Amino acid sequence: MSHEPQQQRRDPREPTAVGPVPGPPREEGVEGRYGGTGRGSRGTSADREEGHGPADRDADERHGAAESRGGARAAKSRPGRTRPRRTGLRRAVPTWRTVLGVSLLFAVVLLGGFVAGYLLVDIPPANSAATAQSNVYLYKDGTQIARDGEVNRQSVRLSQIPLSVQHAVLAAEDRDFYSERAVDPQAMVRAAWNTVTGKGKQSGSTITQQYVKNYYLGQEQTVTRKVKEFFIAIKLDREESKSGILEGYLNTSYFGRNAYGIQAAAHAYYGKDIGAVDTAEGAYLASLLNAPSAYDVAAHPENRPRALARWNYTLDGMVTERWLPLSERATMIFPMPQTAGPASGLSGQRGYVVQAVEDWITSSGVVDEKTLARGGYRITTTLERKKQDAFAAAVDRHVMSRRDPDRAADRNVRVGGASIDPASGRVVAMYGGIDYTRQYVNNATRRDYQVGSTFKPFVLAAAVENGSLTQDGRPITPDTLYDGTDRRQVQGRYGPTGYAPENEDNVSYGPVSVRLATDHSVNSVYAQLAQDVGPRRVRETAVALGVPEGTPDLTATPSIALGVATASVLDMAEAYATLANHGRHGTYTLVERITKDGMELELPETPARQVISREAADTTTSVLMGVVRQGSGMAALSAGRPAAGKTGTAEGDKAAWFAGYTPDLATVVAVMGQDPDTGVQKSLYGALGLPRINGGGVPAAIWGEFTAAALAGREAQDFDLTIAEGAEEDFYLPDEPGGPGDDLAGPGGGEGRTDDGRTDDGRVGEGRSAGGSPPPNGAGTGRATNGGIPSDGRTPPAGGTTGRPPTAGRTGGSATGGPVGGADQGGGAPGGGTRGATGGGVDDSGPQGMGGTGGTDGWGVLPDGP
């Protein structure tokens, strides 16, 4: 019997004793199953300390789980313990489960659409462009002008195309062609983004996609076409080799000049087979793919910088891709292409018309260039046959018939002209050159000759429009006096600007009004006037009137007033038409209607809007009427109608302009000098047997004859003008002292000046005095060849064109023209109140007794004159 004390069972209701609980001894070094070190231990030390064993713990866990379940049920019945509900903006944010579900659904739909598209879209047969039709061009009355001929297409094998030319095309269009897939989604997204964000319309197409568009589809910009292009390109890439695709692309691409395929392009631009084209020429042909017409430097010389930049981009890309040694690249010179050999039936003015109309259609977004070139369009233009013929007849009479094949300077003469109806904005006549098959460049649309002083009216219009002030705070009106001193520095707000333009022949005028400075194109006055108005405002006014914003050298500096910008004849006709239309501008149009397969295409409509005030436009018109009545543009009086206009001469006498208008018609004429072999601009000295050609001579004479013929049968209309306050013109009787005729630069004071200040015979006017007394003959230094009286009083030579008409406040000009008869009116009696009544010599058919004996019909500049 053991005498050890027996362990008594503890009442659970008794508190647990603190301290160790006696138990069996532990074995050292032996770890229990539940973390203890004794072999017999079944619980942790914490369990032992709490008086619980494993069984008790299991029971507690079961009890806790039951309590949790009960607590959860209780929580549901207690609102304060629920999960917060989504409110406000959080409700609009989808959960991750929603996002994942939608993304999976979109992926499934996209994959299904791709599979369906791939299965449903087959590679179609070649489109109908392989047998493209001609376009037909019609006058406004429906009679045919021209048919542009069949499409020029010649296919060659890829092996016939030099590798350097192939590389040039890849460098220009798709440098990763051989390594990339048929479509480039990243490039397509980037191009779409750039187009949407205003960075310009761009293409994200690979060469494969472009080939599909050219050969299998069309050029229309629709979603359906783009989807078809996408799937056909993928299929084609799997079924045809890269070399085969490149060959097809080079044989179907449009290069301009009606040439499809690189073989036809090689003949059109360089007159040789593609196999004979070198690397530099190949790079130019490759550059054309980006913009065929824009980069044709023979047709559009003004775009040479852009074409040259694209050519350099192509060659630099070849160097980057290691297709061209840098040493060879450094020696290359731009290969000027030959002039185009136009299609048959485009001789005379027809080719110029077709070219201008095509440019208008494509630039207006009606049809893109490649689609138009495929043909089938019936295009009714705004041109009127009668007026078109009248323009050609006037140019033939005053220029072409006077050219002498033995006179070298006559080879350089070019003429461009355009006429617009101010009320509608329609171009009613256009003269592009002597013959499209002989002179390919359209002189009416080219933008590479300075417009000279024909720009000055825009400065005056800007001054009136903006209520401008002189540097000393005087309001600028036509009668505001300026300092006409030669080489006078333009004064800015803070002093001299450093710009001091010289007047022609370095003539100084002293104090002179804006009106008379306009009559005689005083450069020093207009440069200061532009500074006073603000060159930026002058530029804005010119653009508003119709001068394109991207016109070369249209810079906001005081020199802008002297016409350094190179707008086209058509651009200037549009701007002058806006002045004639009292400041309302509507974009000019060359196209009345376009149909294809009986369906009429929608044409852009730009309603006329008031771009400058009527007062600004009409005040400018009133001043320009003085240029025709008594300034450098008096040859335009041959139109026999009230007219306003301005003469202009380009730097170096490389072009002479006359821009003018009646209430019915705005017309601009330019005579240009250009070497027919090199294309270099040349001066007009000695051309047509004249010492020089200025705007008041041949261009104004062409303008007068054309305007008279174009408006024949229509009653002459006077200008209905609303003049700005303080801008009314003052007239003085001939013998009234103190009138403008007594000013140093008075309108009749021996001036005989042209647009840029030169006398009509190229010499400074004689007989000037402090009091402005006229020379003995009244007509001043009128150019001898124009029928005026030379400063030395000699008899005018035969063949003169203009007897000096009289002017207000001065003794009239000589009563007779040249001995053989001139092409314009004769002189008149003192005071300028009469006009020539009888034709003279062999040229007696013009209006108002052109070049004849002075009569008494009352054609003067006084208010009561007709």
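Every heavy atom of this structure was used, including side-chain atoms; hydrogens, water molecules and symmetry mates were not. In this text the structure is predicted, and so the values were computed from the model without any measurement.
The shortest distance between side-chain heavy atoms of Leu603 and Val366 falls below 4.5 Å. Between Asn251 and Tyr260, the closest side-chain pair of non-hydrogen atoms is not below 4.5 Å. Arg378 is not listed as a side-chain neighbour of Ile594, based on a closest heavy-atom distance of 4.5 Å or more. Taking the side chain as every heavy atom from C-beta outward, Gln450 and Lys654 never approach each other to under 4.5 Å. Considering only heavy atoms from C-beta on, Asp653 stays 4.5 Å or farther from Ile693 through its side chain. For the pair Arg414 and Tyr449, the minimum side-chain heavy-atom distance is 4.5 Å or more. Here the side chains of Lys242 and Phe177 are in contact, with some heavy-atom distance below 4.5 Å. Side-chain atoms of Val591 and Thr381, non-hydrogen and from C-beta on, never get closer than 4.5 Å to each other.
In this structure, the side chain of Tyr269 does not engage the main chain of Asp296 through any donor-acceptor pair within 3.5 Å. Put simply, the side chain of Thr551 never gets that close to the backbone of Leu554: no donor and acceptor are under 3.5 Å apart.
Classified by interplanar angle (parallel below 30°, tilted 30° to 60°, perpendicular above 60°), the ring pair Tyr440/Tyr436 is tilted.
Remark: Glu302 CD is packed, more than 12 non-hydrogen atoms of other residues, nucleotides or ligands lying under 6.0 Å away. More than 12 heavy atoms of other residues, nucleotides or ligands shown are found within 6.0 angstrom of CZ on Arg403.
The closest side-chain donor-acceptor pair between Ser559 and Thr557 falls under 3.5 angstrom. When only modelled atom types and interatomic distance are considered, Asp368 and Thr371 share a side-chain donor-acceptor pair under 3.5 Å. No side-chain donor from either of Gln439 and Tyr352 sits under 3.5 Å from a side-chain acceptor of the other. If you check the side chains of Glu180 and Thr206, you find no donor sitting under 3.5 Å from an acceptor. At a cut-off of 3.5 Å, with distance as the only test, a side-chain donor of Arg329 or Asn312 sits close to an acceptor on the other residue.
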**Report entry** Step-by-step salt bridge (charged side-chain N to carboxylate O under 4.0 Å, His left out) determination, Arg407 to Asp410
**Finding:** CA-CA 6 Å; Arg407 197 160 41 223; Asp410 286 1; 2.9 Å; yes
Query raised in the report: Going through the distances and angles, do Leu324 and His167 end up as a side-chain contact (heavy atoms from CB on, under 4.5 Å)?
Result: CA-CA 9 Å; Leu324 177 67; His167 285 158; over 6 Å; no
Requested in this report: Start with the C-alpha gap between Ser243 and Tyr178, add the side-chain angles, then the distance that decides, and say whether side-chain contact (heavy atoms from CB on, under 4.5 Å) holds.
Outcome: CA-CA 9 Å; Ser243 296; Tyr178 278 103; 3.9 Å; yes
Report task. For the pair Arg257 and Glu369, evaluate salt bridge (charged side-chain N to carboxylate O under 4.0 Å, His left out) and give the outcome as yes or no after the intermediate values. Result -> CA-CA 11 Å; Arg257 297 193 181 183; Glu369 184 177 354; over 6 Å; no
Query - Check against side chain to side chain donor-acceptor pair (under 3.5 Å), Arg446 and Gln674 - result: CA-CA 13 Å; Arg446 64 190 302 170; Gln674 181 181 20; 3.0 Å; yes
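Ion pairing between Asp448 and Arg304 fails under the 4.0 Å rule for side-chain N and carboxylate O.
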